[in-house]
Amino acid sequence: MNGELSPEAAEFGAVVRNRLEQAGGIAVLRSAVVDPRVRVRAGEMLAEVGVWDLDPYAEQVQLEAAAAVVRAAGAFAFPYPVSERLAGGESGALALVVTGEGVVSHLDLPLAWRGVDLRGRGHSVRSLSAGPLGTRLAPFGVEAVAEPDGSADPRGAAVGLVLRLWWLLGLLETAHQETVRYAAEREQFGRPLARFQAIAFRIADGALAVRGLEELAKYTLWYLANERDDALALRDAIALWSAAQEATDVVLRHAIQVHGAMGLTDEVVVSWLARAAQATRRLPLDRQRVLGLLVDVMGPNGLGDLGRVGREAVEAATPASERVVP
Amino acid sequence: MLDFSEPAAVTELRAELRRLIDEYVPPGFLGAFTDDPADLEVTEAFCRELGQRHLLAMAWPEEYGGAGADVWEQTALREEMWVAHEPRGAQYMGLNWVGPAIMRHGTPDQKARHLPPIARGEVIWCQGFSEPGAGSDLAALRTRAVRADRGWLISGQKVWTSYATMAQCCFLLARINEPSGRREGVTVFLVDMRTPGIDVRPIPAMIGPHHLNEVYFDDVFVPDTEVLGEPGHGWPIVLDVLRFERIGIARYARCEKLLRAAPQALGERWEELPDSLRERWAAALVGTRRARLLAYRVLRSQEGVPDVVDTALYRVAVTALDQEVAELLMEIVGHAGLGTSDGSAYYEMEVEDHWRYAQASTIASGTLEINLQTASRGLIP
């Protein structure tokens, strides 16, 4: 049992994080909201450190490195479709979609976009407008329409989904750290906020949400690298997504509440992170619909046994006489 | 590199334990602590069998009658036992923390006398910690030990003491100074429950018989040879014990078993449930996996130093999960969760039992609030 990313993957993540910090960290997001063309330079920045040479479909260490990279990008809500481009492989960028009209982040960037839904069905994706929405919650969201193209890519859906959730993990880690820092610094009634039990308990709740998501994200990444059955890999990715949606709500709710009115303003990092998280949290399906999907893809057997891959997981979980799937 | 694969030895151990449970634990078993004395006999027979196979104290070093099992084999044992309604009965306390505490802090004589009976499953221990005035604030305990010839005379009252009616021994905390001494003066005594002056009174409660008792000590003589560690310096042993106890029960394992069993147990009724219940079921399965992984995070660090924050957060997660799952399962089974005259409705009886017992999960061995406090203190600079 090992809960650490490989040293090479962790090192790559640290290099990317350094590079993004040097570039200004969260300031890149701020400037991209004002001028969306900043995102093109953001992609070049990642190219300079070799991010696009990674192949998350190759061996586990590359998948881990890809996860470490998107986590680093998520730490600053970096305004670029990092997970989509990594999951897209050499062919371009892979968007997670639902059939019909929806919103796809960064679809206006000049990449060879294709789509996949959460059943693994390939889609063509077409913008319905010239540029991004530019709203506060979806500054880079593009209204689009997706149509099934007859192809199938369940592995791509699983890889794309898991990687974007590592982006969300990085974002939530920053939001939580900022909240702890603020609660320790800000004084009311003559003492730091963190000394009030009601605030301290919110911080503990936030830490639990972040660490719980981290463990699930690591497990699902390992499972994705080792499970050859794409449908099972996608099932567990969807399970991770439902957990990430819940964690997002907990961490960001506490982050804004602990910051008070300051948490609403453009002055603080958590306000930017809370906005930037929404598209990833809600697209292409919100939490209740994700849970409905999870019920469907799990079937009555639920999730497999932890730490086992393939059919053996289902078989070990259920006595032969009670197995629903023969 | 990440690796969550279950070691082959652990998979084999699970299979062996499931075989033994099938053989020795009758269908419909809901634990040792019921109104039916036959359930206690089941645990006694099962423990003897485990003891003979060195599976009872498998976590212990071989020199103390154990099998030197690694942390993951121990975890599998805890999980499989809890899934099957803990057919070791009250033995788990002796195995999980009393024995290990004696191993670390006991004299050679104490180890020789106390460890073999625990390893063989022949003795039940109870924990004399909580008092009417010392619950979460354990250091406020007032039970006094005063010097006597070659020993101590102990007087005071303990409360919530599980299994005290059946225990042969008590891991008792008392102080040798004034209550104002707080952590100083606290001493651990290994008390023979047959000693004159001990009075055990059961407390009727929703979680069923044997779980809660009051224990009165009136000038109970305990010889010097039964002081664990140095007199007056027992607090570090207490902290050690609490840390072990808090990882203790693998509550997530039974939650997972009951959730997974729901579609089969309900049959056609499963499809008739409102979508919202099945969606909560899916979320609960993910929550169960999260709690298990948080336990494994603590256990991984135990190979080095257990992280206080991780341990407290795991406890918050698993105890809240226990209650969420209990509530969800009650909604899933409907009125039969309140009790049923259908003796074959084992699943519904399990759900009813789980709900009652889950009410204690955010209170026993450290309340939810104490765990949140411990975690937040470690998180805030």
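Labels below follow one simple rule: chain letters A, B, ... track the order of the sequence lines, proteins then strands, and each chain is numbered from 1.
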Heavy atoms only, distances under 4.5 angstrom: which of B/Arg14, B/Lys257, B/Arg280, B/Glu369 has the most pairs with chain A? Name it, please. B/Glu369

Heavy-atom pairs under 4.5 Å with chain B, option from A/Leu291, A/Leu208, A/Leu221 with the top count: A/Leu208

Report, in residue-number order, which members of residues 282-292 of chain B are under 4.5 Å from chain A by heavy-atom distance. B/Ala282, B/Ala283, B/Leu285, B/Val286, B/Arg289, B/Arg290, B/Arg292

Flag the one option from A/Arg202, A/Lys218, A/Arg211, A/Glu64 with the top tally of heavy-atom pairs under 4.5 Å to chain B. A/Arg211

Output the option from A/Glu214, A/Gln60, A/Met298, A/Gln288 having the highest count of non-hydrogen pairs under 4.5 Å with chain B. A/Gln60

About how many Å separate CG of B/Leu293 and OH of A/Tyr219, when rounded to the nearest 0.5 Å? 7.5 Å

Salt-bridge criterion met for A/Asp305 and B/Arg260 (N-O under 4.0 Å): yes

Contact part of A/Glu4 toward chain B, heavy-atom cut-off under 4.5 Å: side chain, backbone, both or neither? backbone

Would you call B/Glu6 and A/Leu306 a side-chain contact if the rule is heavy atoms closer than 4.5 Å? no

Let me know if B/Arg377 has heavy atoms under 4.5 Å from chain A in its side chain, its backbone, both or neither. neither

Quick check for you: among A/Ala204, A/Ala9, A/Ser242, A/Gly299, which has the greatest number of heavy-atom pairs under 4.5 Å with chain B? A/Ala204

Check whether B/Asp3 reaches the backbone of A/Asn2 with its side chain - one donor and one acceptor, N or O, closer than 3.5 Å. no

Part of A/Glu246 within contact of chain B (heavy atom distance under 4.5 Å): neither

Within-4.5 Å side-chain heavy-atom neighbours: A/Glu215 and B/Tyr296: no

Is there a side-chain contact between A/Trp222 and B/Met1 in this structure, where contact means two heavy atoms from C-beta onward sitting under 4.5 Å apart? no

Tell me which of these, B/Pro263, B/Ala375, B/Ser276, B/Gly378, has more heavy-atom pairs under 4.5 Å with chain A than the rest. B/Pro263

Just give me the residue among A/Gly292, A/Ala225, A/Ala10, A/Pro7 that pairs up with chain B most often, heavy atom to heavy atom, under 4.5 Å. A/Gly292

Between B/Leu2 and A/Ser6, is any pair of side-chain heavy atoms under 4.5 Å apart? no

Taking it one step at a time, do B/Thr11 and A/Arg308 satisfy side chain to side chain contact (heavy atoms under 4.5 Å, CB included)? CA-CA 10 Å; B/Thr11 307; A/Arg308 299 185 197 176; 3.7 Å; yes

Are there residues of residues 181-196 of chain A that reach to under 4.5 Å of chain B by heavy atoms, and which ones? A/Ala184, A/Ala194

Minimum side-chain heavy-atom gap B/Asp275-A/Val295 below 4.5 Å: no

